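One structure below.
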Amino acid sequence: MASSSLLRRAISSAPSSSFLRPISARLFSSSSDETVLSIETSVPFTGHKIEPPSRIVETSPKELLSFFHDMALMRRMEIAADSLYKAKLIRGFCHLYDGQEAVAVGMEAAITKADGIITAYRDHCIFLGRGGTLVEAFAELMGRKAGCSNGKGGSMHFYKKDSRFYGGHGIVGAQVPLGCGVAFAQKYNKEGAVTFALYGDGAANQGQLFEALNISALWDLPAILVCENNHYGMGTAEWRAAKSPSYYKRGDYVPGLKVDGMDAFAVKQACKFAKEHALANGPIILEMDTYRYHGHSMSDPGSTYRTRDEISGIRQERDPIERIRKLILAHDIAPASELKDTEKEIRKQVDDAIAQAKECPMPDESELFTNVYAKGYGVESFGPDRKEIRATLP
Amino acid sequence: MASLQMAALLSAPSTPVACDRVGVRVGTVRLAASPSTARNGGALVVRSEATVHGGLPARGVNLITHAVAEKAAATNATDSKPGHEVLLFEALMEGLDEEMERDPTVCVIGEDVGHYGGSYKVTKGLATKYGDLRVLDTPIAENSFTGMGIGAAMTGLRPVVEGMNMGFLLLAYNQISNNCGMLHYTSGGQFKIPIVIRGPGGVGRQLGAEHSQRLESYFQSIPGIQMVACSTPYNAKGLMKAAIRSENPVVLFEHVLLYNLKERIPDEEYVLSLEEAEMVRPGEHVTILTYSRMRYHVMQAAKTLVNKGYDPEVIDIRSLKPFDLHTIGNSIKKTHRVLIVEECMRTGGIGASLRAAIIDNFWDYLDGPIICLSSQDVPTPYAGTLEDWTVVQPAQIVAAVEQLCK
């Protein structure tokens, strides 16, 4: 049921549609930096209590190539993580983002590092988008000390404070009030920045989301709630979990926008639009219509609640990387062989990063007790003899 | 240290414990300076004078069961005395006000804290002084506004989140446990959460089961948070200031029945240490460990005990997480007998953990088993008599000490 509607949406933006036909007058230009290309998004935006932005997105060859590169890198990283998990180098939970890369990349293109992003556990690619390195990511996944959280967080707890990436949270829904709190601080400090709080279609039914939305709307906070709707909350399809699966409308008094999350330019346009709105008018909801190829996590085959046809159908019709590839080829920005080389290069980069991460040591025993508390005013942890507790493990 | 010594006159023929000092102190009880006062950085720590009711109870009289909120009495507060008199909620407000003045990143988030002035008046007047962006009235949404406070703290703000009653914070338990306590660790030290979560808890005056909860039992095993409980205006202000200045998340437990305690506190600025226990009454025979409202029940019992010839050492542990094992240990090494008096329920309360910590560390110094007096494992009933039987009363404390000292 759900699968056919997804495919229907895909077919409506089939290759014969307008997105490949260049709109701008400057056709067939080489990849010079000044070239401005106008691309039409796959589908128009749908607005709830708001006038949606234009379908035409301006971009440049440079940006197209960088989108391709970044998304290919993210895709490669996730596939590599899959192999590492099967090789038992990554344990526990591992939630992969392949298929959803357009959201991460499009969002980054629309904002700066002064804006904040917070998400739940499907955070590897957002981390990369915020400036995290491959080695940090793989090391954290393998529990090494060189990981972004010193090996103490794991797959679900990637953070990057200097780029305002607030994680990385295991309990879905809880990150939305946190994100609204970050937005509150941005307003408090008059920073002129916004915060994107990402959550999934599963977490969209959490009460604390609506609580936080209410408070954000009351206090006019620059918070943007982004529902990454990949249509399945683990094994439960959206129509079985939500009475109203129009997540962009569920803010009621808060305006919303529905976006094709597989189209990086639509995402970019929407995020840009949302940022302007949030700074002026308070919260807005974005629903990204996206899809994950893997199951919910590595322990989920992903095929018991959806058909393989659906998955391959989306891969054929709506894959974000293929869309960019076709655009690059249609605009003659780079030949196909160059793109293939980029992908080879990326594969090598990822393999090197994994090799490097494998060499990294595990955290020390003493690390068990570090960073439980922060050193600061008046904090001294004492044992009975007033000396700092140092643990010795057997 | 001057103390009035009178011979034990009462006809109560209780067998005096073999020790030198049999006496009674009336009037002023000076709190002993904590041995580590000098450690506290630049802030001045001044001794306070807490007065207790004078007079010796006549023999055979029933102990007052509601031994709470005694106004500082008899000894005349002359004008030449330093400091100013405040009620406990005013002391909290002063602490909060001073910190908000000093640091513009301190803000208050809670229900009815702004325009209403706080349901227990702790934030009265602050909204007018600091504006709506720093004293924020929230809708009834504990889960999310606690989460928002934590998110704001991740960026460097220092919110003070008020739970109108501590029991309401159960709704925010996920945020407090996972995001507040653990974020510093799971982010590898990247994010500090300098938040203060405070509110009144404890058994009140027939407030009913859901409004009489003791959340310190539930929060105590969350790694990464600190918990303190205030019991006097002096330590309320000091702990509030220390909690706000701390880089770690601190849960400050106040008590519904203690807000109107009056005490003279110093005019000078002072900040207390979050991890120190307070020596309320030095003694020789038994160490009584307590906190919050039970301190007053213990002191009430102490009067009776002194009349009977015992010399209890009363320590208000104040720091519920981590325990001040140094002060506690020194006391146990002196007295060799421990009584814990708490308001938590018997199962899984602070007393249970404290008992375990003492056994682990000071087993060799104990002459007998540790007695722990806690509330009963029942929801707090509404009826007054039943409610009294739920919590520990001074008579039980006296009986326990007598049993320990046999």
Side-chain angles (χ1 to χ4, degrees), chain A residues 116 118 140 147-154 156-157 159-162 164 166-171 174-189 195 207-216 218-219 370-386, chain B residues 36 39-41 105 107 109 132-134 136 138-157 159 174-175 178-179 183-194 223-226 242 245-248 271-275 322 324-326 328-329 361-362:
Chain A
I118 193 169
E140 184 61 36
C148 53
S149 302
N150 297 343
K152 304 209 302 207
M156 298 191 283
H157 298 284
Y159 303 88
K160 195 158 168 60
K161 185 174 182 186
D162 49 14
R164 298 207 183 42
Y166 294 96
H169 295 275
I171 308 294
Q175 78 275 14
V176 177
L178 285 183
C180 294
V182 175
F184 168 69
Q186 286 173 324
K187 178 167 180 164
Y188 192 95
N189 292 325
T195 302
Q208 51 189 320
L209 214 140
F210 298 95
E211 291 179 18
L213 197 60
N214 180 36
I215 299 181
S216 305
L218 270 174
W219 295 352
T370 58
N371 295 131
V372 180
Y373 293 105
K375 280 283 171 201
Y377 188 100
V379 175
E380 289 143 319
S381 264
F382 292 106
D385 54 355
R386 277 285 188 227
Chain B
S36 41
R39 273 194 308 109
N40 290 323
T105 63
C107 52
I109 302 177
D132 278 345
L133 196 59
R134 288 188 74 188
L136 299 136
T138 65
I140 303 175
E142 280 78 8
N143 197 358
S144 53
F145 73 69
T146 309
M148 286 176 70
I150 296 167
M154 282 170 91
T155 67
L157 286 194
N174 175 57
Q175 295 288 355
N178 294 343
N179 296 331
L183 260 172
H184 188 62
Y185 191 85
T186 55
S187 67
Q190 286 182 67
F191 292 106
K192 287 201 271 223
I193 318 284
I225 61 167
Q226 283 190 261
R245 294 190 194 193
S246 169
E247 296 296 323
N248 292 299
V271 184
L272 296 177
S273 167
L274 286 172
E275 300 92 18
D324 181 4
L325 292 175
H326 181 73
I328 293 171
N361 290 299
F362 307 115

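Chain letters run A, B, ... following the sequence lines, proteins first, then strands; residues in each count from 1. On a predicted model such as this, the values are computed, not experimentally measured, just so you know.
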* **Residue B/Leu157 versus chain A: region with a heavy atom under 4.5 Å** => side chain
* For B/Met148 and A/Pro177, which heavy atoms make the closest approach, and how far apart are they? -> CG-O, 3.1 Å
* **B/Gln175 side chain to A/Ala174 backbone, donor-acceptor under 3.5 Å** => yes
* To do: Please check if the side chain of A/Gln208 supplies one atom and the backbone of B/Asn143 the other of a donor-acceptor pair under 3.5 Å.
  => no
* To do: Name the region of B/Leu183, side chain, backbone, both or neither, that has any atom closer than 4.5 Å to a heavy atom of chain A.
  => side chain
* Asked: Which one of B/Ile140, B/Leu136, B/Ile193, B/Asp132 has the most heavy-atom pairs closer than 4.5 Å to chain A?
  -> B/Leu136
* Contact summary for B/Phe191 and A/Lys161, nearest pair of heavy atoms -> CE2-CG, 3.6 Å
* **chain B contacts, top residue of A/Lys187, A/Lys160, A/Gln175, A/Met156 (heavy-atom pairs, under 4.5 Å)** => A/Lys160
* Shortest non-hydrogen contact between B/Ala141 and A/Ile215, atoms and distance -> CB-CD1, 4.4 Å
* To do: Between chain A and each of B/Gly156, B/Cys107, B/Pro223, count heavy-atom pairs under 4.5 Å; write down the option with the most.
  => B/Cys107
* **Under 3.5 Å donor-acceptor, B/Gln226 side chain and A/Tyr373 backbone** => no
* Asked: With only heavy atoms counted, which part of B/Thr105 is less than 4.5 Å from chain A, the side chain, the backbone, both or neither?
  -> backbone
* Assess whether side-chain contact (heavy atoms from CB on, under 4.5 Å) is satisfied between B/Tyr185 and A/Asn150, documenting all intermediate values. => CA-CA 9 Å; B/Tyr185 191 85; A/Asn150 297 343; over 6 Å; no
* To do: Measure B/Asn178 against the heavy atoms of chain A and call it side chain, backbone, both or neither at under 4.5 Å.
  => side chain
* To do: Mind checking the OH-CD spacing from A/Tyr159 to B/Gln190? Nearest 0.5 Å is all I need.
  => 9.0 Å
* Structure fact -> One option among B/Gly329, B/Pro139, B/Ser187, B/Gly189 has the most heavy-atom pairs under 4.5 Å with chain A, and it is B/Ser187
